[in-house]
Amino acid sequence: MTEATKPSNFIREIILEHNRTGRFGGKVVTRFPPEPNGYLHIGHAKAISIDFGIATEFGGRCHLRFDDTNPTKESQEYVDAIMGDIRWLGFDWGEHLHHASDYFEQLYQWAEQLVRSGKAYVDDLSGEEIREYRGTLTEPGRPSPYRDRAVEENLDLFRRMRAGEFDDGTRTLRAKIDMASPNINLRDPVMYRIRKATHQRTGDAWCIYPMYDWAHGESDSIEGVTHSMCSLEYEDHRPLYDWYLDALGIFHPQQIEFARLNLSHTVLSKRSLLELVEQGHVTGWDDPRMPTLAGLRRRGYTAEAIRDFCERIGVTKAANLVELAYLEHCLREDLNRRAPRRLAVLRPLRLVVENYPEGQVEEFEAINNPEDPAAGTRKVPFSRALYIEQDDFRDPAPPKYFRLSPGAEVRLRYAYIVKCTGVTRDAAGAVTEVRCTYDPDSRGGDSRGRKVKGTIHWVSAAHALDAEVRLYDTLFTVPKPDDAEHWASVLNPHSLETLRGAKVERALAGAAPGSHVQFERTGYFCVDARDSAPGHLVFNRAVGLRDTWAKIESKG
RNA sequence: UGGGGCGUGGCCAAGCGGCAAGGCGCGGGACUUUGGAUCCCGUAUUCGGAGGUUCGAAUCCUCCCGCCCCAACCA
């Protein structure tokens, strides 16, 4: 998309205005600040696209900064996963990998500065008491009895907090702002709490840790961030963000808030995602049903499709719930252009071509990608015994059904036109084999002017490879699982269907883990990067093809 | 009942006083050796509501209604 056709958004307008007035001297520095306490999900992809996208667009840079201020919830596993996911998405922070923990000493010195200027004090209230004193949404809070301690006493106590003289939870450092503020964030927010925990980066160097509000703006300032984009729930925090910066008199970035992404049929809160993993509803953070980048990648989503999606949904401050169909559309559009086509039968039904010589094999040339001539062609073997999709045979045929049924003609893609001559059923009446005859004159599938509406895919029984195919559906049965009493009640029991008897064409033999392919007439699949092996092919369905027949059939 | 935001078609979203972009979805058609792709056509006399200002309002003013967020020593 070019500059000219890119739709405007309010963030670009704010920056354009800053550039016009010279507020930041034309500089644009942004940052993506994940807390390493979980995996990145599609919602983060939106934030990443905005943070890195805006920086690139305005010739600036974007930092990656881990907001690691809470050692009890963070870990190196998450740090590594987050960096891998951002790189995979296609973004680069260059030399600018930072951590809030890099600034712990500076933050501490600044805190002492606020204590000395009478803008912060040590409070002995317990967590519960602090909550009581804070008041409610409609009633003002009351000052802590420790609020007016002398500067020297505060300084002494704060230093001893750092020195480890006090137990967890016994004291905090608080900013002295306004206990009656209608904005609860300004009612003497906690700046430091005591946590005798080992931090994944600073080890045991600290036992007091800064709160988000006290670390974020200051970190932005240290790094020279000009535009600090975050989600709407931080809007109420902006006055505090500004207050700290002004109290310190340091470089003052602009915080800008936008609406976070909500996607239908899934949950995006870290708490819910963690529960799905820990309670075993999914196999892990990278389960293909998860909205995490790791899950989407394994499912078969491409970075390009996700970036395109983030670009297309736009940026506003209005609450939103984007339909999953939109994300799926972006994937199909990308894979339609790039994924090689293959023939694969998911639920095999034996088809015998009665008049085709036993033991004869011929090869037909198949197009790898009609959207990309450069992708070339391949040979697919044909013989007397084939497998076709169970869905491609019906007896009797419903109205407008163009596939195989007794007496009907259909084209076997790239091969011949065949006519169904009969079926074999088991004792229970289920079809076990379909028989047909082929027309030798239709070699290659040429209909010679005849009308053959249906074309179905097939695979030669003797040449086919066995494969496991995993069909995924949404994790939840409703568009807004967060509206349910608990999302567990709307979990989709059929979110995964494993097909172990699939038959795929031999060209798929060496399919590389993580590679994408379109199974003709079925959907886009991805070779499972974790479970697929040379002798045991495993394909994940990323998204199905648009299915017009399913639509016709469901309408009756 | 306090504070901060937001309300444009089923979903996302342009629009910034001159007479409702676009995408997704949906419906119809063309084409088709993927019922895929592609291509056409259709889909808001109206912008949460009511007043007002103006020659003219989704855009300005007033009031009302609805929705979201905030009372962790989480981020």
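Letters A, B, ... are given to chains in the order of the sequence lines, protein chains preceding strands, and every chain is numbered from 1.
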Undergrad: Does anything in residues 261-274 of chain A form a side-chain hydrogen bond (donor to acceptor under 3.5 Å, both in side chains)? List the pairs, not counting sequence neighbours.
TA: A:Asn37-A:Lys270, A:Ser269-A:Ser272, A:Arg271-A:Glu275, A:Ser272-A:Trp487
Undergrad: Relative to the 5' end of RNA chain B, which residue comes earlier, A:Arg413 or A:Thr138, by the nucleotide with the nearest heavy atom?
TA: A:Thr138
Undergrad: Distance check needed: B:C73 P versus A:Glu132 CD, whole Å only.
TA: 12 Å
Undergrad: Could you check whether A:Asp242 pairs with A:Arg238 (Lys NZ or Arg NE/NH1/NH2 to Asp/Glu carboxylate O, under 4.0 Å)?
TA: no
Undergrad: For A:Thr69, report the nucleic acid contact type (base, sugar-phosphate, nothing); a contact means any heavy atom under 4.0 Å.
TA: sugar-phosphate
Undergrad: Please, which pairs that meet salt bridge (Lys or Arg N to Asp or Glu O under 4.0 Å) have at least one residue in residues 212-221 of chain A, sequence neighbours excluded?
TA: A:Arg65-A:Asp220
Undergrad: Would you classify A:Val315 as touching base, sugar-phosphate or nothing, given that sugar-phosphate means primed atoms plus P, OP1 and OP2, and contacts are heavy atoms under 4.0 Å?
TA: sugar-phosphate
Undergrad: Counting only non-hydrogen atoms, which of residues 190-201 of chain A are less than 4.0 Å from RNA chain B?
TA: A:Val190, A:Arg193, A:Arg195
Undergrad: Between B:G48 and B:A37, how far apart are the P atoms? Round to whole Å, please.
TA: 35 Å
Undergrad: In whole angstrom, give me the gap between the C1' atoms of B:A57 and B:A20.
TA: 13 Å
Undergrad: Just to verify, what does A:Glu362 make a side chain to side chain donor-acceptor pair (under 3.5 Å) with, not counting sequence neighbours?
TA: A:Tyr356, A:Tyr416, A:Arg443
Undergrad: Round to a whole Å and report the spacing from CD1 of A:Ile552 to C1' of B:G28.
TA: 13 Å
Undergrad: Can you check whether A:Ser8 has a side-chain N or O nearer than 4.0 Å to OP1 or OP2 of B:G15?
TA: yes
Undergrad: Quick check on the 6.0 Å ring-centre criterion: do A:Tyr241 and A:His237 meet it?
TA: no
Undergrad: Can you check the distance between B:U34 and B:G28, where both ends of the measurement are the C1' atom (answer in whole Å)?
TA: 22 Å
Undergrad: Can the positive tip of A:Arg162 be found less than 6.0 Å from the middle of the six-membered ring of A:Tyr108, inside 45° of the ring normal?
TA: yes
Undergrad: With heavy atoms under 4.0 Å as the rule, sort A:Leu125 into base, sugar-phosphate or nothing.
TA: base
Undergrad: Find the distance A:Glu35:CD to B:A72:P and express it as a whole number of Å.
TA: 17 Å
Undergrad: When you measure from the centre of the six-membered ring of A:Tyr209, is the NZ or CZ of A:Arg195 closer than 6.0 Å and no more than 45° off the axis?
TA: no
Undergrad: Taking CG from A:Asp483 and C1' from B:C68, how many angstroms apart are they, rounded to a whole number?
TA: 12 Å
Undergrad: Any ion pair linking A:Arg450 and A:Glu409 (charged N to carboxylate O, less than 4.0 Å)?
TA: yes
Undergrad: When the C1' atoms of B:G22 and B:U8 are considered, how many whole Å apart are they?
TA: 14 Å
Undergrad: Provide the Watson-Crick or G-U wobble partner of B:G42, both distances under 3.5 Å; none if there is no partner.
TA: B:C26
Undergrad: Between A:Trp549 and A:Phe402, does the ring centre distance come in under 6.0 Å?
TA: no
Undergrad: Quick one: side chain to side chain donor-acceptor pair (under 3.5 Å) partners of A:Glu389, sequence neighbours excluded?
TA: A:His457
Undergrad: For A:Arg174, run the side-chain hydrogen bond (donor to acceptor under 3.5 Å, both in side chains) check against A:Asp123, A:Asp188, A:Asn154 and tell me which one passes.
TA: A:Asp123
Undergrad: Using O4'-C1'-N9-C4 for purines and O4'-C1'-N1-C2 for pyrimidines, with syn meaning within 90° of 0, is B:A30 syn or anti?
TA: anti
Undergrad: Determine the Euclidean distance between corresponding C1' atoms of B:U43 and B:G23; express it in Å to zero decimal places.
TA: 14 Å
Undergrad: Could you run through nucleotides 4-12 of chain B and give me one letter per nucleotide, 5' to 3': B if any protein heavy atom sits under 4.0 Å from the base, S if only the sugar-phosphate is that close, - if neither?
TA: SSS---BSS
Undergrad: Taking only residues two or more places apart in sequence or in another chain, which ones pass salt bridge (Lys or Arg N to Asp or Glu O under 4.0 Å) with A:Arg342?
TA: none
Undergrad: May I ask you to say what A:Lys453 touches in the nucleic acid, namely base, sugar-phosphate or nothing, with a heavy-atom cut-off under 4.0 Å?
TA: nothing
Undergrad: Whole angstrom is fine here: how far is it from CG in A:Leu412 over to C1' in B:U34?
TA: 13 Å
Undergrad: Within the sub-3.5 Å range, which N or O atoms of nucleotides 36-39 of chain B have a protein N or O partner, and how far apart are they?
TA:
residue : atom : partner  : partner atom : Å
B:G36   : OP1  : A:Thr548 : OG1          : 2.6
B:G36   : N2   : A:Glu371 : OE2          : 2.9
B:A37   : OP2  : A:Arg546 : NH1          : 3.0
B:A37   : O2'  : A:Asn336 : ND2          : 3.2
B:A37   : O2'  : A:Glu371 : OE1          : 3.3
B:A37   : O2'  : A:Glu371 : OE2          : 3.0

Undergrad: Would you say B:C74 has OP1 or OP2 under 4.0 Å from some side-chain N or O of A:Lys270?
TA: no
Undergrad: How would you list, by chain and number, every residue that makes a ring pair (Phe, Tyr, Trp, His ring centres under 6.0 Å) with A:Tyr103, sequence neighbours excluded?
TA: none
Undergrad: Return whichever of A:Glu13 or A:Tyr212 has its heavy-atom-nearest nucleotide of RNA chain B closer to the 5' end.
TA: A:Glu13
Undergrad: Using whole Å, report how far CG of A:Asn262 lies from P of B:C67.
TA: 17 Å
Undergrad: Give me the residues of residues 164-183 of chain A where at least one heavy atom lies under 4.0 Å from an atom of RNA chain B, by number, or none.
TA: A:Gly169, A:Thr172, A:Pro182
Undergrad: Could you state the atom-to-atom distance from NE2 of A:His237 to P of B:C74 in whole Å?
TA: 13 Å
Undergrad: Classify A:Tyr234 by what it touches in the nucleic acid, base, sugar-phosphate, or nothing, heavy-atom distance under 4.0 Å.
TA: base
Undergrad: Whole angstrom is fine here: how far is it from CD in A:Glu328 over to P in B:C24?
TA: 14 Å
Undergrad: Using Watson-Crick or G-U wobble geometry with both distances below 3.5 Å, tell me the partner of B:A50, or none.
TA: B:U62
Undergrad: Quick check: does any side chain N or O of A:Asp334 sit under 3.5 Å from a backbone N or O of A:Glu304, one acting as donor and the other as acceptor?
TA: no
Undergrad: Is the phosphate of B:C24, meaning OP1 or OP2, less than 4.0 Å from a side-chain N or O of A:His329?
TA: yes
Undergrad: When we call it a touch if two heavy atoms are under 4.0 Å apart, what does A:Phe309 touch: a base, just sugar-phosphate, or nothing?
TA: nothing
Undergrad: Quick check on B:A72: is either OP1 or OP2 less than 4.0 Å from any side-chain nitrogen or oxygen of A:Arg134?
TA: yes
Undergrad: Looking only at the side chain of A:Arg131 (C-beta and beyond, no hydrogens), which of the listed nucleotides B:G35, B:G27, B:A71 gets closest?
TA: B:A71
Undergrad: Is the closest basic N to carboxylate O distance between A:Glu235 and A:Lys317 below 4.0 Å?
TA: yes
Undergrad: Using a 4.0 Å heavy-atom cut-off across all strands, classify A:Asp123 as base, sugar-phosphate, or nothing.
TA: nothing
Undergrad: For A:Lys555, report the nucleic acid contact type (base, sugar-phosphate, nothing); a contact means any heavy atom under 4.0 Å.
TA: sugar-phosphate
Undergrad: Check side chain to side chain donor-acceptor pair (under 3.5 Å) between A:Tyr387 and all other residues, then give those that pass, not counting sequence neighbours.
TA: none
Undergrad: If B:G17 has a Watson-Crick or G-U wobble mate with both distances under 3.5 Å, name it; if not, just say none.
TA: none
Undergrad: Determine which nucleotide pairs with B:G2, using a 3.5 Å limit on both distances of a Watson-Crick or G-U wobble pair.
TA: B:C70
Undergrad: Name all residues meeting the ring pair (Phe, Tyr, Trp, His ring centres under 6.0 Å) criterion together with A:Tyr414; count only those two or more places apart in sequence or in a different chain, and write none if there are none.
TA: none
